[in-house]
Amino acid sequence: MSVLVTGGAGFIGSHTCVELLNSGEEIVVLDNFCNSKPEVLDKIRQLTGKDFKFYEVDLLDPDGVEKVFAENDIEIVIHFAGLKAVGESVQKPLKYYHNNITGTLILCEAMKRHNVKKIVFSSSATVYGNPHTVPIKEDFPLSTTNPYGSTKLMLERILTDLNVADPEWNVTLLRYFNPIGAHKSGLIGENPNGIPNNLMPYICQVANGTLPRLNVFGDDYPTPDGTGVRDYIHVVDLAVGHVKAVERARELDGVNIYNLGTGTGYSVLDIVKAFEKANNLKIPYVIAPRRAGDIPACYADPTKAKEVLGWEAQYGIEEMCRDSWNYMLKQKEN
Ligand code: NAD
Ligand code: UFG
């Protein structure tokens, strides 16, 4: 039996495929490459020495999705496939609702037809909105401020409703905090198109001279140095969290929700300093106005993941900065 990985060619999906294969799981991968490249699949094979079946299928294509289930003995689905740019989701809400919600409904319908009722879903800390306190526990109130976040919250509810209607549905909701870093080999990582929105890819492009300086969005937040605080987590730690979630889903029933973060918050300036130290580089920056929609601080209480999944992040912030930059350097070489 196999683990179906939707969005397996993407940033978090590709690292998860590597960890699944390394832990002895059989996988089938589905992706439409709307935000990734086919070469990633060969890198996964190269890193693990293992092969797997791949389907270039759009989740919005019910026949394509049906074929994947008809041709394989799928036990559980890890569902990464989705669009994730917060700003774009505000500009193009229909695109986001259609891709993320309709795509997931088509996936779940195929799962139901084939009696596959275990799913691990990529949710996000964005479902906590602007939390009243930090660290954030899984039972904190939920709210969203943009269409991307709303798709995550709606999908959490849709999957929970499936379990209410039929308790055989086994649903794991993983709420990621801020994934950065890359595989140590530098063969897979995050490579956004155009000017990056997120902090670490932006810093990497300042470091390699593509962008002149970092704009630090606000230094007047109620945080120790006034800049925004987040829980950055190494993508390999996150990938290992998925392996643990799959193993645990085989034993537990119902809907299980876990924060996947380190539990430590770092400010924007902490990240600049850590990047400079880890890579022996200077990152020029200026203080710019706050970015609309940003919150002061967001970091996890990861106790539940430790207690129930037996999972805890292993990598520190300097390793995250080193591996992000190493990936960028390797990209240049290729
Ligand atoms: P990514 O864009 O690198 O990966 C997503 C993959 O899904 C891509 O390969 C893309 O081609 C594919 N995809 C998208 N729509 C598809 C469709 N309709 N059919 C088939 N394939 C499709 O993103 P990522 O950073 O790896 O994120 C993976 C998941 O985790 C997403 O659901 C994202 O919303 C969620 N998440 C990401 C972050 C983050 O900061 N990276 C944080 C929280 C949650
Ligand atoms: N920041 C800057 N300058 C930049 C980019 C970011 O100062 O050029 C700051 C932001 O203001 C924020 C911090 O760096 O304080 C992190 O910003 P990111 O854009 O990297 O990440 P966010 O926390 O805003 O959002 C990320 C994902 C969302 C997800 C959210 C919670 O992009 O999809 O984490 O998981 F919803």
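All residue numbers in this chain count up from 1 along the given sequence. All of these numbers come straight from a predicted model, not from anything done at the bench. Numbering of ligands and ligand atoms starts at 1, following listing order.
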Student: Within the structure, is a non-hydrogen atom of Asn198 found at a distance of less than 4.0 Å from ligand 1?
Tutor: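 So Asn198 does not count as touching ligand 1.
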
Student: Could you check whether any heavy atom of Pro179 sits closer than 4.0 Å to an atom of ligand 1, since that is the contact criterion I want to use?
Tutor: yes

Student: Check whether any side-chain N or O of Asp219 sits under 3.5 Å from a backbone N or O of Thr227 as a donor-acceptor pair, and report yes or no.
Tutor: no

Student: Ion pair present between Glu66 and Arg113, side-chain N to carboxylate O less than 4.0 angstrom?
Tutor: yes

Student: May I ask you to check if ligand 1 and Ala9 share an N or O to N or O distance below 3.5 Å?
Tutor: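 So ligand 1 has no N or O lying under 3.5 Å from an N or O of Ala9.
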
Student: Dump all N/O pairs between ligand 2 and the protein below 3.5 Å as a table: atom names plus distance, one pair per row.
Tutor:
{"from": "ligand 2", "atom 1": "3 (N)", "to": "Asn215", "atom 2": "O", "distance (Å)": "2.7"}
{"from": "ligand 2", "atom 1": "7 (O)", "to": "Asn215", "atom 2": "O", "distance (Å)": "3.4"}
{"from": "ligand 2", "atom 1": "7 (O)", "to": "Phe217", "atom 2": "N", "distance (Å)": "2.9"}
{"from": "ligand 2", "atom 1": "11 (O)", "to": "Asp294", "atom 2": "OD2", "distance (Å)": "2.6"}
{"from": "ligand 2", "atom 1": "17 (O)", "to": "Arg291", "atom 2": "NH2", "distance (Å)": "3.4"}
{"from": "ligand 2", "atom 1": "19 (O)", "to": "Asn198", "atom 2": "ND2", "distance (Å)": "3.0"}
{"from": "ligand 2", "atom 1": "19 (O)", "to": "Arg291", "atom 2": "NH1", "distance (Å)": "3.4"}
{"from": "ligand 2", "atom 1": "19 (O)", "to": "Arg291", "atom 2": "NH2", "distance (Å)": "2.8"}
{"from": "ligand 2", "atom 1": "20 (O)", "to": "Asn198", "atom 2": "ND2", "distance (Å)": "3.4"}
{"from": "ligand 2", "atom 1": "20 (O)", "to": "Leu199", "atom 2": "N", "distance (Å)": "2.8"}
{"from": "ligand 2", "atom 1": "21 (O)", "to": "Asn178", "atom 2": "ND2", "distance (Å)": "3.2"}
{"from": "ligand 2", "atom 1": "23 (O)", "to": "Asn178", "atom 2": "ND2", "distance (Å)": "3.0"}
{"from": "ligand 2", "atom 1": "23 (O)", "to": "Arg230", "atom 2": "NE", "distance (Å)": "2.7"}
{"from": "ligand 2", "atom 1": "24 (O)", "to": "Arg291", "atom 2": "NH2", "distance (Å)": "3.0"}
{"from": "ligand 2", "atom 1": "32 (O)", "to": "Asn198", "atom 2": "ND2", "distance (Å)": "2.8"}
{"from": "ligand 2", "atom 1": "35 (O)", "to": "Ser124", "atom 2": "OG", "distance (Å)": "3.1"}
{"from": "ligand 2", "atom 1": "35 (O)", "to": "Tyr176", "atom 2": "O", "distance (Å)": "3.4"}
{"from": "ligand 2", "atom 1": "35 (O)", "to": "Phe177", "atom 2": "O", "distance (Å)": "3.4"}

Student: Which residue owns the protein heavy atom closest to atom 3 (O) of ligand 1, what's the atom, and how far is it?
Tutor: Phe11 N, 2.8 Å

Student: Ignoring hydrogens and geometry, is there a side-chain-to-backbone donor-acceptor pair from Thr144 to Gly149 under 3.5 Å?
Tutor: no

Student: So which bit of Phe33 gets within less than 4.0 Å of ligand 1, heavy atoms only: side chain, backbone, both or neither?
Tutor: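 Just the backbone.
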
Student: Cationic tip of Arg45 within the cone over Phe52's six-membered ring, i.e. under 6.0 Å and within 45° of the normal?
Tutor: yes

Student: Donor-acceptor pair, distance only, cut-off 3.5 Å: does the side chain of Asn279 make one with the backbone of Leu281?
Tutor: no

Student: Judged on heavy-atom distance to atom 22 (C) of ligand 1, which of Asp61, Ile106, Asn32, Leu83 sits nearest?
Tutor: Asn32

Student: Quick test of your reading of the structure: of Gly82, Ser14, Gly64, Gly13, whose heavy atom lies closest to atom 5 (C) of ligand 1?
Tutor: Gly82

Student: How far is atom 2 (O) of ligand 1 from its nearest protein heavy atom, and which residue and atom is that?
Tutor: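 For atom 2 (O) of ligand 1, the nearest protein heavy atom is Asn35 ND2, 2.7 Å.
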
Student: When you look at OH of Tyr97, are more than 12 heavy atoms from neighbouring residues, nucleotides or ligands closer to it than 6.0 Å?
Tutor: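 Above 12, so yes.
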
Student: Taking the cut-offs as 6.0 angstrom to the six-membered ring centre and 45 degrees off its axis, would you call Arg230 and Tyr266 a cation-pi pair?
Tutor: no

Student: Any idea which protein heavy atom is nearest atom 11 (O) of ligand 1, and the distance to it?
Tutor: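 Of every protein heavy atom, Asp31 OD1, 2.7 Å lies nearest to atom 11 (O) of ligand 1.
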
Student: Below 3.5 Å, N or O to N or O, backbone or side chain included: is there any such pair between Asn99 and ligand 1?
Tutor: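 Between Asn99 and ligand 1 (N or O atoms, distance only) the closest approach is under 3.5 Å.
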
Student: For the atom pair CG (Asp270) and CG (Asp225), what is the distance rounded to the nearest 0.5 Å?
Tutor: 6.0 Å

Student: Looking only at atom types and distance, does a side-chain atom of Asp61 sit under 3.5 Å from a main-chain N or O of Asp63, one as donor and one as acceptor?
Tutor: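 Checking the backbone N and O of Asp63 against the side chain of Asp61, a donor-acceptor pair under 3.5 Å is found.
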
Student: Within the distance-only criterion (no hydrogens, no angle test), does the side chain of Ser324 pair as donor or acceptor with the backbone N or O of Cys321 below 3.5 angstrom?
Tutor: no

Student: Give yes if a backbone or side-chain nitrogen or oxygen of Phe80 is under 3.5 Å from a nitrogen or oxygen of ligand 1, and no if not.
Tutor: yes

Student: Which residue owns the protein heavy atom closest to atom 27 (O) of ligand 1, what's the atom, and how far is it?
Tutor: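 Residue, atom and distance for the closest contact: Ile12 CD1, 3.7 Å.
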
Student: Quick one: does any side-chain atom of Asn170 pair with a main-chain N or O of Ala249 as donor and acceptor, under 3.5 Å?
Tutor: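 Indeed, once roles are kept as given, a pair shorter than 3.5 Å links the two residues.
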
Student: Would you check if the side chain of Ser89 reaches a backbone N or O of Pro93 as a donor-acceptor pair within less than 3.5 Å?
Tutor: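 No; zero donor-acceptor contacts below 3.5 Å.
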
Student: Would Gly10 count as a polar contact of ligand 1, with the cut-off being nitrogen or oxygen pairs under 3.5 Å?
Tutor: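 Checking ligand 1 against Gly10, an N or O pair does fall under 3.5 Å apart.
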
Student: I need the contact type for Val57 against ligand 1. Using non-hydrogen atoms and a strict under-4.0 Å cut-off, is it side chain, backbone, both or neither?
Tutor: backbone

Student: Under 4.0 Å from a heavy atom of Ser122: which atoms of ligand 1 are those, numbered in the order shown and with their elements?
Tutor: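 Those qualifying, in numeric order: 29 (C), 30 (O), 32 (O), 35 (C).
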
Student: Side-chain donor-acceptor pair under 3.5 Å between Asp323 and His183, yes or no?
Tutor: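 No, because no side-chain N or O of Asp323 sits under 3.5 Å from a partner of the opposite role on His183.
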
Student: Is a side-chain N or O of Ser14 found less than 3.5 angstrom from the main chain of Gly8, in a donor-acceptor match?
Tutor: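 Side chain of Ser14 to backbone of Gly8: no pair is present.
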
Student: If you have a sec, work out which protein heavy atom is nearest atom 19 (N) of ligand 1 and how many Å separate them, to one decimal?
Tutor: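 Sorting protein heavy atoms by distance from atom 19 (N) of ligand 1 puts Leu59 N, 3.0 Å first.
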
Student: Report yes if some N/O of Ser123 lies less than 3.5 Å from some N/O of ligand 1; otherwise report no.
Tutor: no

Student: Given Glu56, Lys84, His98, Arg175, which has its nearest heavy atom closest to atom 41 (N) of ligand 1?
Tutor: Lys84

Student: Given 3.5 Å as the limit, does a donor-acceptor pair link the side chain of Thr102 with the main chain of Asn99, or not?
Tutor: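 Side chain of Thr102 to backbone of Asn99: no pair is present.
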
Student: Ring-plane angle category for Phe80 and Tyr176, please: parallel below 30°, perpendicular beyond 60°, tilted otherwise.
Tutor: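 Ring orientation of Phe80 relative to Tyr176: tilted.
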
Student: In this structure, does ligand 1 have an atom that sits under 4.0 Å from one of the heavy atoms of Asp58?
Tutor: yes

Student: What about Ser124: any of its N or O atoms under 3.5 Å from an N or O on ligand 1?
Tutor: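 No - when backbone and side-chain N and O of Ser124 are compared with those of ligand 1, no distance drops under 3.5 Å.
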
Student: Suppose I only count heavy atoms of Tyr148 and a 4.0 Å limit; which atoms of ligand 1 are within that range?
Tutor: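 Those of ligand 1 that fall under 4.0 Å from Tyr148 are 33 (C), 34 (O), 35 (C), 36 (N), 43 (C), 44 (C).
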
Student: Any non-hydrogen atom of Glu190 lying under 4.0 Å from ligand 1?
Tutor: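 The answer is no, since Glu190 has no heavy atom less than 4.0 Å from ligand 1.
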
Student: Distance only, no hydrogens: is a donor on one side chain within 3.5 Å (strictly under) of an acceptor on the other, for Ser122 and His79?
Tutor: no

Student: Would Leu30 count as being in polar contact with ligand 1, using the rule that some N or O on each side must be under 3.5 angstrom apart?
Tutor: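 No: no nitrogen or oxygen of Leu30 is under 3.5 Å from one in ligand 1.
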
Student: Are any of the N or O atoms of Cys34 closer than 3.5 Å to those of ligand 1?
Tutor: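 Among all N and O atoms of Cys34, at least one is under 3.5 Å from an N or O of ligand 1.
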
Student: Donor-acceptor pair, distance only, cut-off 3.5 Å: does the side chain of Tyr55 make one with the backbone of Lys67?
Tutor: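 Looks like no, no N/O pair under 3.5 Å.
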
